[in-house]
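Keep in mind the model is a prediction, meaning the values are calculated, not measured. Chain naming here is simple, since letters A, B, ... match the order of the sequence lines and numbering starts at 1 in each.
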Amino acid sequence: MAKRYWLVKSDPATFGLAELAASPERTTRWDGVRNYQARNHLRDDMQPGDGVLFYHSQSDPPAVVATAKVVGAGYPDPTQFDRKSPGHEPRAKPDQPVWYAVDIQLDEVLGRPVTLSEMRDEAGLRQMVLLRKGSRLSVQPVSAAEWRIVIALGSRRPGAGKGKVRAES
DNA sequence: GCCAACGTTGGC
DNA sequence: GCCAACGTTGGC
């Protein structure tokens, strides 16, 4: 299957880029997701090697701050079986899990954060799930074209111009 | 099956 | 802190 791209939201007050970077092997289990649409992506769609935009929500400013990669297929989220976890799921049985997780590994910290408002200004990102009104999906697909644009914006030096990425002399 | 009420997300 | 939008729950 072709490589796919994703965006995951994280609240840096809980677990952000700093925590991801400090994780063993810069890898963490992306668990605690309790939304069926996001669950389906975790369980059915995300594959090792897929690219992940790591987004800080509820932050000032909200922004994509890094890339990561999926390092394994989805598997049952163990926190659903833990009675003491806020993610505990009474309906789940070990052989009938409800929620899923994937492991992701930090790839590269962007040269600079790509902010939400900046993405809104980019014509090529107009269809991005993140930018849709009322979008709350915490694990969402990103097209290859959207990925390229965000990466290009994030690798540019600050103040290198507005609008389209262009060659410099 | 409908829909009001509720809890949560997340930008501002 | 506010509030719009969303997803889920539960009464009927």
Derivation and outcome, side chain to side chain contact (heavy atoms under 4.5 Å, CB included), residues A/Y55 and A/L130 = CA-CA 10 Å; A/Y55 176 79; A/L130 181 72; 3.8 Å; yes
Grab the [atom1]-[atom2] distance between [X] and [N] for me, whole Å please.
X	N	atom1	atom2	answer
A/D60	C/dG1	CG	C1'	15 Å
A/R132	C/dA4	CZ	C1'	18 Å
A/Q58	B/dG10	CD	P	6 Å
A/L131	B/dC12	CG	C1'	16 Å
A/K133	B/dC12	NZ	P	12 Å
A/Q37	C/dC6	CD	P	12 Å
A/N40	C/dG7	CG	P	13 Å
A/R136	C/dC3	CZ	C1'	13 Å

Do A/S135 side-chain atoms and A/V129 backbone N/O form a donor-acceptor pair below 3.5 Å?
->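 Side chain of A/S135 to backbone of A/V129: a pair is present.
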A/Y55 side chain N/O closer than 4.0 Å to the phosphate oxygens (OP1, OP2) of B/dG11?
->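 Result: yes.
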Does the side chain of A/K9 get closer than 4.0 angstrom to OP1 or OP2 of B/dT9 through an N or O atom?
->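 So the side chain of A/K9 is outside the cut-off, no N or O lying under 4.0 Å from OP1 or OP2 of B/dT9.
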Describe, in one word, how the ring planes of A/W147 and A/Y5 are oriented to each other, choosing from parallel (under 30°), tilted (30 to 60°) and perpendicular (over 60°).
->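 Geometry flag for A/Y5 against A/W147: tilted rings.
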Classify the angle between the aromatic ring planes of A/W99 and A/Y36 as parallel (below 30°), tilted (30 to 60°) or perpendicular (above 60°).
->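 Taking A/Y36 first and then A/W99, their aromatic rings sit tilted (interplane angle of 30° to 60°).
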